[in-house]
Amino acid sequence: MSQSTLVYDIRNSRYLNITGRCTLRCQFCPKHNGSKQVHEYQLDLDHQPTAQELIPLLGDVSQFDEYVFCGYGEPTLNLATLIAVASEIKRLGGQVRVNTDGLGNLFHRRNILPELAPVVDALSISLNADNETAYVQHCQPKLKDSYAAVRAFIRQAPNYINKVQVSAIEGLEGVNIERCRDFVESANAEFKHRHLGIVG
Ligand code: SF4
């Protein structure tokens, strides 16, 4: 088995793979489709990496447009590592983006946005559906009330984080992309229209 990839670069950004865990089982997630590769990177993790492991891998912060917490798991599930590494990136003068399913508050049973606010410049949240039935069908949440939780998170996030982008994917059965857009814009966030099969 190849070694876990903790950091990888796409275009001018450095991606940080800090967990393989996730409370969703999205049908379109490449990890459920026999692949754990994004571009040429193998993202399978055999453990939850710590800040001490990741900080030496940041490289020269001035060389990257931004650092993106991403990978094949939900970064807010490894929250202590996320905050410690993001703090270090901010201290060094870098930009931080977190790609999230928006379920961090539900999972941690508290509002984590005040903890993210000082160290996160941008959030990319996956809404995925304009209605609960389609969300449950496509994302198969393990936690009860996940759909209501992601919507609540999206409404709150712009109060804490400067740049909040929210995506839905064109081509998923039962999903109305325009209704996703309306909801996102009414929350004062930016809508990102994605297409099935393109990750990263
Ligand atoms: S939220 Fe992301 S990592 Fe989790 S199952 Fe869905 S696509 Fe995969």
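Only this structure's heavy atoms are used, side chains among them; waters, hydrogens and symmetry mates stay out. Positions are given from 1, in the same order as the sequence printed here.
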Side-chain contact, heavy-atom cut-off 4.5 Å: [X] with [Y]?
| X | Y | result |
| --- | --- | --- |
| R194 | E170 | no |
| F183 | R155 | yes |
| L113 | N159 | no |

**Prompt:** Do the numbers put R14 on top of the ring of Y8, so that NZ or CZ is under 6.0 Å from the six-membered ring centre and no more than 45° off the axis?
**Reply:** no
**Item:** Co-membership, hydrophobic cluster, residues L92 and L57, 4.5 Å side-chain
**Value:** yes
Looking at every heavy atom in both [X] and [Y], which two are closest together, and how far apart are they?
| X | Y | answer |
| --- | --- | --- |
| R25 | P141 | NH2-O, 3.6 Å |
| F69 | A86 | CZ-N, 3.8 Å |
| K142 | C22 | NZ-O, 3.2 Å |

**Request:** Give the intermediate values and the outcome of side-chain contact (heavy atoms from CB on, under 4.5 Å) for residues L123 and Q165.
**Result:** CA-CA 6 Å; L123 277 180; Q165 223 178 36; over 6 Å; no
**Message:** One pair to check against side-chain contact (heavy atoms from CB on, under 4.5 Å): I89 and L58. What are the steps and the verdict?
**Reply:** CA-CA 8 Å; I89 296 165; L58 293 177; 3.8 Å; yes
**Request:** List the steps, then state whether side-chain contact (heavy atoms from CB on, under 4.5 Å) holds for Q95 with Y67.
**Result:** CA-CA 6 Å; Q95 291 291 305; Y67 286 81; over 6 Å; no
Sidechain N-carboxylate O distance under 4.0 Å for [X], [Y]:
| X | Y | value |
| --- | --- | --- |
| K163 | E190 | yes |
| E115 | R110 | yes |
| R181 | D130 | no |

**Item:** Residues Y160, N111; criterion side-chain contact (heavy atoms from CB on, under 4.5 Å); working and verdict
**Value:** CA-CA 11 Å; Y160 296 91; N111 182 10; 3.1 Å; yes
**Request:** Could you label the plane-to-plane angle of the F191 and H193 rings as parallel, tilted or perpendicular, counting under 30° as parallel and over 60° as perpendicular?
**Result:** tilted
**Message:** Less than 3.5 Å apart, any donor N or O on the side chain of T100 or E74 sitting next to an acceptor on the other?
**Reply:** yes
**Asked** Do N128 and S126 have a side chain donor and acceptor closer than 3.5 Å?
**Response** no
